Engineer: 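One structure coming up, written as structure tokens, with questions to follow.
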Amino acid sequence: MLELNEWLAAWQVWAIAGLALIIVDVMLDGSGYVLSLGVACFSMSALALIAYLTGTNLIPDWKIAALEFAGFAFLSIFIIRRLRPRNKDGDVNQY
């Protein structure tokens, strides 16, 4: 468990995961669900970097990391859904 906690506290791991998820979202369908997880990973990366620079322990173990990631994911889903324009027409083939 110690190695898992060390990996989750490393900001580089979260940044690589975020970049990979954003690339996957662009390659798949661009629906925004995977994009929001990538944004949540970048938020966790920023949190881990702040913890590293200040010497604090903001991600003490994997349980707290999972809760923080879930919170960031929920927040990013909410923000992305608010910012993206929705198709007002129900059918794209309607002429």
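These values consider heavy atoms only, across backbone and side chains, with no hydrogens, waters or symmetry-generated copies. Not measured: the values here are computed from a predicted model.
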Engineer: Heavy-atom distance under 4.5 Å between the side chains of D25 and Y33, does that happen here?
Structural biologist: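 Heavy-atom side-chain distance check fails, nothing below 4.5 Å.
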Engineer: State which residues pass ring-ring contact (aromatic ring centres under 6.0 Å, His included) with F72; sequence neighbours excluded, sorted by chain then number.
Structural biologist: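 Once residues adjacent in sequence are excluded, F72 has no partner under the ring-ring contact (aromatic ring centres under 6.0 Å, His included) criterion.
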Engineer: Using a 3.5 Å cut-off and no angle test, enumerate the donor-acceptor pairs between side-chain atoms of residues 39-55 and protein atoms at least two apart in sequence or in another chain.
Structural biologist:
residue	atom	partner	partner atom	Å
S43	OG	V39	O	3.0
S45	OG	W11	O	3.0
T54	OG1	I50	O	2.8
T54	OG1	T56	OG1	3.0

Engineer: Quick one: pull up CG in L35 and CG in L21 and give me the separation to the nearest 0.5 Å.
Structural biologist: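 L35 CG to L21 CG: 9.5 Å, rounded to 0.5 Å.
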Engineer: Could you work out the complete set of other residues in the hydrophobic cluster of W7, with links drawn between I, L, V, M, F, W and Y side chains under 4.5 Å apart?
Structural biologist: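 W7 shares its hydrophobic cluster with V13.
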Engineer: So, using side-chain contact (heavy atoms from CB on, under 4.5 Å) as the criterion, who are the partners of V24 when residues are at least two apart?
Structural biologist: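 Here the qualifying residues are L28, V34.
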Engineer: Using a 3.5 Å cut-off and no angle test, enumerate the donor-acceptor pairs between side-chain atoms of residues 58-69 and protein atoms at least two apart in sequence or in another chain.
Structural biologist:
residue	atom	partner	partner atom	Å
D61	OD1	I64	N	3.4

Engineer: Taking only residues two or more places apart in sequence, or in another chain, which ones meet F78 in a side-chain contact (heavy atoms from CB on, under 4.5 Å)?
Structural biologist: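 For F78 the side-chain contact (heavy atoms from CB on, under 4.5 Å) partners, ignoring immediate neighbours, are R82.
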Engineer: Can you hop from L19 to I16 via hydrophobic side chains spaced under 4.5 Å?
Structural biologist: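 Per the 4.5 Å side-chain linkage, L19 and I16 are not co-clustered.
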